*Asks:* 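One structure coming up, written as structure tokens, with questions to follow.
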Amino acid sequence: MRHSYACPLRWSDMDAFGHVNNTVYLRYLEEARIDFLALAARVADPEAFTGGTVVARHEIDYLRQLVHRADPVVVELWVVKLTAASVTFAYEIKDAAGGGGPYVRARTVVVPYNIKEGYPRRLSPAERSFLEGYFDDSHSG
């Protein structure tokens, strides 16, 4: 299963060349990830990820130029790898109608973190169970 997030484009997302700046895509990924971890996960378990998470790695392939328009893009997010203390998310940013292929494919390694104590922690059984429901390795290449 995949999580879909409708992400609005902002006029300020464009750079001097008239397209969405490469750094802005990280914000789109972050918005989708927060929607997933802070909203969807907490429907399944109110305590899920309440201690925080940190990003350990980003990997982004820019595939097509995106320019500002009124319609949001869709950020699809799914899990491609789970360990005891990390999760790797994959993403595609694309049009809602799906035409033309994705603008971006990306991956992020996220580590659950105990912000109060200042150290990484393991996934709880409830968090792991929730994440397993979004596992999809069909695009793992």
Side-chain angles (χ1 to χ4, degrees), residues 1-124 126-141:
M1 179 167 49
R2 294 185 180 194
H3 177 75
S4 291
Y5 173 72
C7 185
L9 305 180
R10 291 157 290 271
W11 183 256
S12 62
D13 292 349
M14 289 191 305
D15 61 17
F17 299 110
H19 58 253
V20 172
N21 185 272
N22 65 304
T23 62
V24 172
Y25 289 99
L26 285 172
R27 187 171 44 220
Y28 296 168
L29 302 178
E30 177 186 55
E31 289 179 26
R33 195 171 55 253
I34 289 171
D35 184 68
F36 182 67
L37 294 175
L39 299 176
R42 291 190 190 151
V43 170
D45 175 16
E47 297 301 313
F49 303 103
T50 56
T53 60
V54 294
V55 170
R57 176 180 171 79
H58 282 301
E59 182 180 315
I60 302 175
D61 293 322
Y62 301 96
L63 304 172
R64 290 194 304 141
Q65 176 176 257
L66 177 60
V67 296
H68 184 269
R69 79 283 178 97
D71 296 331
V73 290
V74 172
V75 182
E76 285 190 349
L77 171 153
W78 63 97
V79 174
V80 292
K81 184 177 179 184
L82 268 174
T83 69
S86 72
V87 56
T88 302
F89 294 114
Y91 316 80
E92 286 186 346
I93 298 176
K94 54 191 178 182
D95 293 321
Y103 295 100
V104 162
R105 284 196 180 105
R107 288 178 179 232
T108 302
V109 178
V110 173
V111 176
Y113 202 78
N114 182 326
I115 292 174
K116 185 177 177 183
E117 301 295 325
Y119 59 84
R121 65 171 180 82
R122 293 184 174 271
L123 289 163
S124 73
E127 290 168 340
R128 185 173 191 79
S129 176
F130 172 77
L131 293 169
E132 286 171 346
Y134 288 88
F135 190 81
D136 177 359
D137 64 356
S138 64
H139 288 72
S140 62

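Quantities reported herein were computed from a predicted structural model and do not represent experimental measurements. Along the sequence shown, the residues carry numbers beginning at 1.
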*Asks:* So, using salt bridge (charged side-chain N to carboxylate O under 4.0 Å, His left out) as the criterion, who are the partners of Glu127 when residues are at least two apart?
*Replies:* Arg121
*Asks:* Holding to salt bridge (charged side-chain N to carboxylate O under 4.0 Å, His left out), I want the full list of residues that pass it with Asp95, two or more places apart in sequence or in another chain.
*Replies:* Arg64, Arg69
*Asks:* So which pairs with a foot in residues 74-90 pass salt bridge (Lys or Arg N to Asp or Glu O under 4.0 Å), sequence neighbours left out?
*Replies:* Arg2-Glu76, Glu76-Lys94
*Asks:* Can you find a heavy atom in the side chain of Asp13 that is under 4.5 Å from one in the side chain of Tyr28?
*Replies:* yes
*Asks:* Hey, could you give me the CZ/CG distance between Arg107 and Leu29, rounded to the nearest 0.5 Å?
*Replies:* 13.0 Å
*Asks:* Nearest 0.5 Å please: distance from the CD1 atom of Ile93 over to the CG atom of Leu66.
*Replies:* 8.0 Å
*Asks:* Short question: side chain of Tyr103, backbone of Leu63 - any donor-acceptor pair under 3.5 Å?
*Replies:* no
*Asks:* Under the side chain to side chain donor-acceptor pair (under 3.5 Å) test, which residues partner Tyr5, sequence neighbours left out?
*Replies:* Glu31
*Asks:* If every non-hydrogen atom of Gly18 is compared with every non-hydrogen atom of Val67, which pair is closest and at what distance?
*Replies:* O-CG1, 3.4 Å
*Asks:* Please enumerate all residues that pass ring pair (Phe, Tyr, Trp, His ring centres under 6.0 Å) together with Phe36, with sequence neighbours excluded.
*Replies:* His3, Phe89, Phe130, Tyr134
*Asks:* Keeping to residues at least two apart or across chains, list the salt bridge (Lys or Arg N to Asp or Glu O under 4.0 Å) pairs with something in residues 42-55.
*Replies:* none
*Asks:* Decide yes or no for Phe49 and Leu123: does some side-chain heavy atom of the first lie under 4.5 Å from some side-chain heavy atom of the second?
*Replies:* yes
*Asks:* Which heavy atom of Val111 sits nearest a heavy atom of Ala85, and at what distance?
*Replies:* CG1-O, 3.6 Å
*Asks:* For Val75 versus Ala32, what's the shortest heavy-atom pair and its separation?
*Replies:* CG1-CB, 3.4 Å
*Asks:* Atom OG1 of Thr53 and atom CD1 of Ile34: how far apart are they, to the nearest 0.5 Å?
*Replies:* 8.0 Å
*Asks:* List in chain and number order the residues that pass side-chain contact (heavy atoms from CB on, under 4.5 Å) with Phe135, two or more places apart in sequence or in another chain; answer none if no residue qualifies.
*Replies:* Val79, Asp137
*Asks:* Could you report the tightest heavy-atom contact between Gly52 and Ile115, atom names first, then the distance?
*Replies:* CA-CD1, 3.7 Å
*Asks:* Excluding sequence neighbours, so at least two apart, what forms salt bridge (charged side-chain N to carboxylate O under 4.0 Å, His left out) with Glu30?
*Replies:* none
*Asks:* By side chain to side chain donor-acceptor pair (under 3.5 Å), which residues pair with Thr23, not counting sequence neighbours?
*Replies:* Asn21
*Asks:* Return the CD to CZ distance between Glu59 and Arg105, rounded to the nearest 0.5 Å.
*Replies:* 12.5 Å
*Asks:* Enter the distance from Glu132:CD to Leu82:CG here, rounded to the nearest 0.5 Å.
*Replies:* 6.0 Å
*Asks:* Leu39: what forms a side-chain contact (heavy atoms from CB on, under 4.5 Å) with it, not counting sequence neighbours?
*Replies:* Asp35
*Asks:* Of all residues at least two apart in sequence or in a different chain, which pass the side chain to side chain donor-acceptor pair (under 3.5 Å) check with Thr108?
*Replies:* His58, Tyr91
*Asks:* Of the non-hydrogen atoms in Thr50 and Pro46, which two are nearest, and what is the gap between them?
*Replies:* CG2-O, 3.5 Å
*Asks:* Can you name the residues that form a side chain to side chain donor-acceptor pair (under 3.5 Å) with Gln65, not counting sequence neighbours?
*Replies:* His19
*Asks:* Indicate yes or no: at least one non-hydrogen side-chain atom of Asn22 is less than 4.5 angstrom from one of Ile60.
*Replies:* no
*Asks:* Could you pull out the closest heavy-atom pair between Arg122 and Ala84, with the gap in Å?
*Replies:* NH1-CB, 2.6 Å
